[in-house]
Every structure is written in structure tokens, then in C-alpha cells.
Amino acid sequence: MLQIQTIRKDAEEVIRCLSVKNVDARAIIEEVLRIDEERRGIQKELDDQLAEANQIAKSVGILFKEGKTDEAAVLKDRSAELKKSTKALEEKLAALEEAQQQALIVLPNLPHSSVKPGHSAEDNEIIHQEGTIIPLSEGMLPHWEITSNFRLIDFELGSKITGAGFPVYLGKGAKLQRALISFFLDEAIKAGYNEVQPPLMVNEASAYGTGQLPDKDGQMYTATLDKLFMIPTAEVPVTNLYRDVILREEELPVMNVAYSACFRREAGSYGKDVRGLNRLHQFDKVEIVQIQHPDKSYATLEEMREHVAGLLRKLELPFRILRLCGGDMSFTSALTYDFEVWSAAQEKWLEVSSVSNFETFQAHRMKLRFKGKDGKAQTAHTLNGSALALPRIVAALLENHYSNKAVHIPQALVPYTGFETIE
RNA sequence: GGAGAGAUGGCAGAGUGGUCGAAUGCGGCGGUCUCGAAAACCGUUGUCCCGCUUGCGGGACCGGGGGUUCGAAUCCCCCUUUCUCCGCCA
């Protein structure tokens, strides 16, 4: 969440930054400033009255002890008056605070200064590409044919028991899932991350904390009776572990990794690009999450980017890295790198990871701070990245490593699968 | 699901209506002593908001919300949560 102090300091700059994300925030910003001014006036008035009331309460106590009940009675009357007016002011203040909160919470994070404006995925900047792109040739198969031929995944069965987008993994297909999850977790642990296994459902406060609410309401599955949300990513529970926490500076960076199933309604995305594993309602993902000192968070972002690149190299997949333009960046992000792998038979790039620095945006929402040597609490930076999301990796793996009517498992993964080929 | 007992500062733990933002201990930070360290001793030690601004003043916060009272950590109601016992159960 943006801080009122930031807006107060330079509202025009905030408006300019948000325009990079194609958001016209002027009306909201002006409203926020108007509310803020009124709020501060009310607060001053209220505080003064409360100060008087506190003073009276103390005096009454002393007067009673001294037996001066008449004098005390006079003060009591004044106190009763104050009670009425403070109550009115308190209600007014609460309403203004709520209004300010409601206005602030719909404003997205400010993009990093390096983020270029742009309107769609077309405007993203390709900053890196590696691996060999095999030209489409005879014998190549799209992954949904491979999974069907070898009985790795049954999409229809998933439709029957749950619905479209909930595949059932079978035999070597299931084992491949488990192998990838273990591989990704182990690689992260080697890189210094601590493994966490979080709940798959979170409460409302957590959904607000990482910014899924109110922005992505409607994209999450909800258990309405219990007011719980199925997590769209492990980012939500793992980052919220540190909600309302003040860390010691020497505890930074906090590095956590979690495997979780992820649930997304993907409302409005039916039709294109949903074939096979391209877009699912439930999928598996290993997520890396860091909490870092503001001075070091961009260096950390680069490290995380390199970690993800390393995974794709070990899986021998051609990939590219994009720096997202303002228009394609998420609500909460200040800077995002997307990773895409080449799908040989579909002849297109598939997004498999998104690595972002949220700076203080999430941390402010969840009051995540750290305390340095000077004893002052300071808001931390949060970052996260997929390392990695399984379905499209599986798709690319099957398509890119398919030859002579067999899928050849990359060497790095064989210790995990226990088999070298699927045929 | 039923019954009972709790929830207080980084931690432990006092406080059952009045100068309590809260005793005490531990921990942390600074200092004295020491070649240095330990011990001992002295001091200090929460978060947020508002106002004049290197500092000071005011306000809020004792799980969350509401109420009683001139005055609530303390009394009442609701919620959340933890523990113990019973029931059910992977």
C-alpha cells in the first residue's frame, strides 16, 4: 500500500509514476489529500479534548480522596460533556480513516524508475535469451498428445471428478510432478532457502497483506462459510508468516521456499491458450520468497533471477527473460522479470516464472518491519519468484525432449524420476 | 461438538476500579571496572498517530470489538485464539 506520507510529500510525482502503469490516479490522489487534511484537523481536536478529559479524571480521583465531593461533581459534568463530543469526533475520525484506507488500497505500487511505459505484453523488453530453439519438424507432438499417448495425464478424468482445468496425473506423469517438486525444492535449499510447508487456505487479512485483495477478488476460490481463500500462490501464506512482525536487521535476508498447490479461477480466460497444461485451475509451484533490507533488495532480485535461470539450464530448456513494461506489471510489483520457455510443438513462448520486487508495498500492508542497530523500526522489502511453476515446464519438457517416440528426461532430473525415458 | 481455565512489553511474569504504558526478573543497548573478557555495579530499553520541530508536548494501544463509569489492563457482553478434560476422528 502506498503511504500517505509519500503522497503528501510529492503528489504529482506519484501521479506521474502511476501513469507508467497506465493508471490515472489524479482523482483518487486529490481525494486522499482532502481526506487527510480533514482527518488531521479532527485528530488534533479530538486529542485536545481527550487530554482535558484525562486531566479531569485524575483531578476527580484526587478530590474524592480529599473528600471534596462538590468540586468533583462540577468536574464530572464537564467530563460528561466531553464524553459526548469526543464520541462524535471519534466516529468522524474512524469514518475518515476508513475512507482514506479505502482510497489508498486501490492504488497500485509505484514502478521502479527503470520500468518503461507500455500497454501490453507486446511492450515487454526481452533482456536475455538462451538455449537452442529446435525448428518444428515431422514427429514433434504437442504435449497433450504426448501425455495422452503415454497415459501421463488424464484431463477428461479431472473434468469428471472436479471440472476443466483440474488434471489427473498418472503413473510416470505423477512421478514426474513429484520429481520436479523435489528438484526445485532441493535446488532452492542448496541456494540457502529454508523450506516451509504452508496452509493452502488463508484468511482475509492474509489475502490483503500480499495484495490479492482487493485487486484480485474473483480470481481466488473462496470458502464463503468460513471466509477463507484457496491460495493462488504460496507467496500469500509464506509472506504473511511475517505479518505484524519486527525482525532484527541481522535476520535479513529471510529466505523461504515453499511447494504448494495453487488455485486460480482464471475467470474470463476461457477459449484461447487453455489447451492441455497451458492454463489450469489447480497447479503445482515452488515459490521462493525473500524479505530483504531496502538497500539490498535489487541485488537480491538479480540473484533470484539467476537462480531461476539456473533451473531452466539444468532442465535443458530454451528460455528468455523479459523485463515487464508498466502496463503488464502486477498491481503490487515495482519491478518484474518474466521467464518464458519455448514450447517446441506449439511454437510459442510459455510463461513459467515471474520474479518481482515489491519494495515496501506488501510490507506496509502487513506491517512487516525490521529494526537496525539504531533501534528504529523500518519497513522491509519483499520479493518473490516462481522457481518454478510445473505445468508449462512439464509441457516444454515433454515437447522439447521428445524424439524417436520417447521423452528423454534431462540428466539433472533423473535422480529424482528414477527413469531416463518415457516411452 | 461439550465443559473448564487463560490471552499483559523481545521473553517470563505481577497487577481485580484512580498519578499504570504498566512492578520484578531475563534478554538487548550504553557506561564504570579490566590489557581484554566474564562477573558485579550504574543507566537505558515498545509501536502507531498528531502538533510545534536536532528536542519537546499531546493522544491511542495490556488478543479484537462493543458497553458500564468522572475514571477500565482491572467490571459486563460478543468474537478470535491457546491450554486441559470429555466426545468424534485421518
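Chain A is the first sequence line, chain B the second, and so forth, proteins listed ahead of strands; every chain is numbered from 1.
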> What distance, rounded to whole Å, do you find between the two P atoms, one in C11(B) and one in U47(B)?
Replying inline: 14 Å
> Is it true that atom CD of Glu37(A) has more than 12 heavy atoms of other residues, nucleotides or ligands lying nearer than 6.0 Å?
Replying inline: no
> Is the His112(A) ring parallel, tilted or perpendicular to the Tyr298(A) ring (thresholds 30°, 60°)?
Replying inline: tilted
>> Any donor-acceptor pair under 3.5 Å linking the side-chain atoms of Glu316(A) with those of Asn400(A)?
In response: no
> Looking at Lys371(A), does any N or O in its side chain come under 4.0 Å of the phosphate oxygens OP1/OP2 on G46(B)?
Replying inline: no
> Are more than 12 heavy atoms from other residues, nucleotides or ligands located less than 6.0 Å from atom CD of Glu125(A)?
Replying inline: yes
> Contact class for Arg369(A) (heavy atom, under 4.0 Å): base, sugar-phosphate, or nothing?
Replying inline: sugar-phosphate
> Quick one: is C49(B) close enough that its OP1 or OP2 comes under 4.0 Å of any side-chain N or O from Arg39(A)?
Replying inline: no
> Can you tell me how far C1' in G63(B) sits from the matching atom in G58(B), rounded to whole Å?
Replying inline: 27 Å
> Is Glu97(A) touching bases, backbone alone, or none of the nucleic acid, heavy atoms closer than 4.0 Å?
Replying inline: nothing
> Is the ring centre of His381(A) less than 6.0 Å from the ring centre of Phe358(A)?
Replying inline: no
> Expressed in angstrom and rounded to an integer, what is the separation of Lys376(A) atom NZ from C48(B) atom P?
Replying inline: 10 Å
> Is there a side-chain polar atom (N or O) of Arg40(A) under 4.0 Å from OP1 or OP2 of C52(B)?
Replying inline: no
>> For nucleotides 59-80 of chain B, give me one character per nucleotide, 5' to 3': B if any protein heavy atom sits under 4.0 Å from the base, S if the only such contacts are to the sugar-phosphate, - if neither.
In response: SS------S-BBS---------
> Rounded to whole angstrom units, what separation is found between the CD atom of Glu250(A) and the C1' atom of G28(B)?
Replying inline: 10 Å
>> Please report the distance, rounded to the nearest Å, between NZ in Lys44(A) and P in G58(B).
In response: 11 Å
